[in-house]
Amino acid sequence: MNAVIPVSEETGFDVVIVGAGIGAHSVALSLPSTLRIAMISQDAVQTSSHWAKGGIAAESCLSEIDAHLEDTLAAGARLNDRDQVHRLVSGAPEAIRFLVELGVVFEPTLEREGGHQSARIWHADGDATGLAVMRVLGARRAASLNITSTTARLVQLVTDGDCVQGALVEQQGSLVLLKARSVVLATGGATGLWSDHTSPDGNIGTGMVAAYRVGATLGDLEFTQFHPTAIALTGSPLPLATEALRGAGAWIVDAEGKRFLFASDPAGELATRDKVSLAMHRHQGMSFLDVEPIGPAALAKRFPSFLEACRRYGHDPFANGPVPIRPAAHYSIGGIVAGPHGETNIQGLYAVGECANCGVHGANRLASNSLLEGLVFGRRAAAHIKDRPTLRQRLRYPSTLALSPRAPSRAAISAIIDVGLGVERDHPTLQRSQAALEALVSNEMNPYLASELQSARELVAMTIQAATLRRGTIGSHTRSDAITENPNYRIEFNQSQPPRRVERQS
């Protein structure tokens, strides 16, 4: 029996932004101060942006962006939308200036990470760049009189035909309608669904499914990036050993202290994340990160977050030896199909950051392009939103909403996705995972939590289907039973039609 929940109406806003990471803040702080903005999130200080250990990839001037563009295309196995990648890398110098003007203090020396030809990674506070940036953005947002920040969870979007009209959110047990002429989803990815993950636990794809249910298109769901150097000293979320450690000279070794990555790629530790994760997955036994080549003094100065994380769990990387690591689900490359300004096929609905699939990452994301994407496309979305017309007629909304209080447990969903959608997949396992997902038993629970888990189950079903349909191996999608095929397509999901293959731009 469904739970029938009353709906109350909130004062309308010009823009509702769902999320609290770098993409959400880039939109909010780039909009005119005359607009009324609501920012809603379940946790304003525990986002993937806050947890980002790497930096921001950006060339310092436009004359040097070609190499960044080429590295991004190469990392993405050239399934990227080249025009979108050009927008990303050409917007990088201005994005850095935007942060500096807001008060972010970057370190004077740029670093190199895996997949990059040169040192172009900007850091602040060593290996805690995300937190340093978000502290500045959060302070600016708090000081902005036109921005209302609210702790709430997204339940569903409200549309009038093919135009968004607002969002229904749960706030302190009540269901509230936030009316708006534009809604921006900056809700992060879905990697929290895997048992081993590096993202906040709340990242389970709720924003993606909310968009899908009102007619938005999802794409590239089969591509999930596993970060190779998650610190395996505790349960999930697993703390990250930043990519910059390997750029600074750290090695990945086996239990005997031998480096083994060069057998699969000549770049060794500086190969892209998909290649390193796959090599570790296929290697017999555990893997470790050896930071001896960096040295204690340099490690303490440049990577204090890594050192603190190790010691928090009783491991000194010099006294106790190399740090155990393993690949963990880190970044959702697929998501809500979005255009040059984050716009979707639903008028007034935008997607920015990890929940979006705007084409910049192709089949695998280049290290330190994630914070950059949120910055560049967040600012582009703001520029597009400010020119949208004002609210149309008064929205009619239901006085109640029926929500089912039953859903499968999160642990049960994770157990299925761990097996079927790991670093390497095959057809029989995917088929068994699909059958297991369909057979899951639902339990009684809070209707809002049930709604989230129902969304998660729906997203996992689409992801398994996408991984089944893409029969070749490319980027972060590895099939042990791969066939040779032309990979230059995107698998799209839309409620109005069956899953379809769409040819990509060349």
Side-chain angles (χ1 to χ4, degrees), residues 1-8 10 16 18-21 24 39-48 51 149-158 166-178 183 185-214 218 235-237 329 332 335-336 354-355 398 400-418 421 436-464:
M1 184 175 177
N2 289 343
V4 180
I5 303 171
V7 176
S8 60
E10 182 79 1
V16 168
V18 188
M39 289 185 69
I40 68 167
S41 64
Q42 292 190 60
D43 193 331
V45 296
Q46 296 289 333
T47 72
S48 292
W51 288 11
S149 298
T150 304
T151 300
R153 84 169 94 194
L154 176 66
V155 177
Q156 68 180 45
L157 297 170
V158 179
L168 279 169
V169 302
E170 180 264 323
Q171 187 175 9
Q172 296 181 338
S174 298
L175 196 56
V176 179
L177 172 68
L178 303 181
V183 175
L185 296 176
T187 51
T191 54
L193 290 171
W194 279 260
S195 294
D196 280 349
H197 62 270
T198 64
S199 58
D201 287 332
N203 286 26
I204 60 173
T206 303
M208 298 180 192
V209 178
Y212 171 77
R213 287 176 174 172
V214 295
L218 304 184
S236 285
S332 297
I336 307 161
E354 192 177 351
C355 71
T400 61
L401 181 70
L403 292 177
S404 170
R406 298 189 63 82
S409 72
R410 179 165 174 165
I413 295 172
S414 293
I416 290 170
I417 202 171
D418 289 343
L421 293 168
L437 190 70
E438 293 171 359
L440 280 181
V441 175
S442 293
N443 305 308
E444 193 87 14
M445 61 185 72
N446 176 286
Y448 296 117
L449 175 58
S451 177
E452 288 187 342
L453 291 174
Q454 290 158 9
S455 294
R457 180 179 183 170
E458 191 170 355
L459 183 63
V460 170
M462 287 187 278
T463 305
I464 291 173

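Since this is a predicted model, take the numbers as computed values, not measurements. For this chain, numbers begin at 1 and follow the sequence in order.
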Inset, instruction - Locate the shortest heavy-atom distance separating Ser48 from Ser199; write the atom from each residue and the value. - result: OG-CB, 3.9 Å
Expected list for residues 454-463: side-chain donor-acceptor pairs under 3.5 angstrom, two or more places apart:
residue	atom	partner	partner atom	Å
Gln454	NE2	Arg406	O	2.6
Ser455	OG	Arg213	NH1	3.4
Ser455	OG	Ser451	O	3.1
Arg457	NE	Leu437	O	3.3
Arg457	NH2	Leu437	O	2.8
Arg457	NH2	Glu438	O	3.2
Glu458	OE1	Arg213	NE	3.1
Glu458	OE1	Arg213	NH2	2.8
Thr463	OG1	Leu459	O	2.8

Legend entry - Side-chain donor/acceptor of Gln171 to backbone N/O of Ala152, under 3.5 Å: no
Inset, instruction - Find out whether Cys355 and Ser332 are in side-chain contact, i.e. whether some heavy atom of one side chain is under 4.5 Å from a heavy atom of the other. - result: no
Inset, instruction - Look only at the side chain of Ser149 and the backbone of Met39, and say whether a donor-acceptor pair between them is shorter than 3.5 Å. - result: no
Inset, instruction - Evaluate the side-chain proximity of Leu421 to Leu193: yes if any heavy-atom separation is below 4.5 Å, no if none is. - result: no
Inset, instruction - Could you tell me which non-hydrogen atom of Ala211 sits nearest to which non-hydrogen atom of Ile336, and how far apart they are? - result: CB-CD1, 3.7 Å
Legend entry - Side-chain heavy-atom pair Val169, Leu178 within 4.5 angstrom cut-off: yes
Inset, instruction - Mind checking the CD-CG spacing from Glu170 to Leu403? Nearest 0.5 Å is all I need. - result: 10.0 Å
Inset, instruction - For the residue pair Leu453 and Arg410, establish whether any side-chain heavy-atom pair is separated by less than 4.5 Å. - result: yes
Inset, instruction - Measure the spacing between CD1 of Ile40 and OG1 of Thr151 and express it to the nearest 0.5 Å. - result: 10.0 Å
Legend entry - Atom of Met208, atom of Gly188 and distance for their closest heavy-atom approach: CE-O, 4.1 Å
Legend entry - Contact check, side chains of Leu168 and Val176, non-hydrogen atoms, under 4.5 Å: no
Inset, instruction - May I ask you to test the Arg153-Thr206 pair for a side-chain heavy-atom distance under 4.5 Å? - result: no
Inset, instruction - List the steps, then state whether side chain to side chain contact (heavy atoms under 4.5 Å, CB included) holds for Gln42 with Glu452. - result: CA-CA 12 Å; Gln42 292 190 60; Glu452 288 187 342; 2.9 Å; yes
Legend entry - Side-chain touch Asn203/His197, heavy atoms, less than 4.5 angstrom: no
Legend entry - Nearest non-hydrogen partners of Leu154 and Ala167, listed with the distance: CD1-CB, 4.0 Å
Legend entry - Between OG on residue Ser8 and CG on residue Leu177, distance to nearest 0.5 Å: 8.5 Å
Inset, instruction - Measure across Val155 and Tyr448 and return the closest heavy-atom pair with its distance rounded to 0.1 Å. - result: CG2-CD2, 4.0 Å
Legend entry - Residues in side-chain contact (heavy atoms from CB on, under 4.5 Å) contact with Thr400, at least two apart in sequence or another chain: Val4
Legend entry - Side-chain heavy atoms of Pro447 within contact of Ile5, under 4.5 Å: yes
Legend entry - Closest heavy-atom pair and its distance - Leu185, Gly207: CD1-O, 3.5 Å
Legend entry - Under the side-chain hydrogen bond (donor to acceptor under 3.5 Å, both in side chains) test, residues paired with Trp194 that sit two or more places apart: none
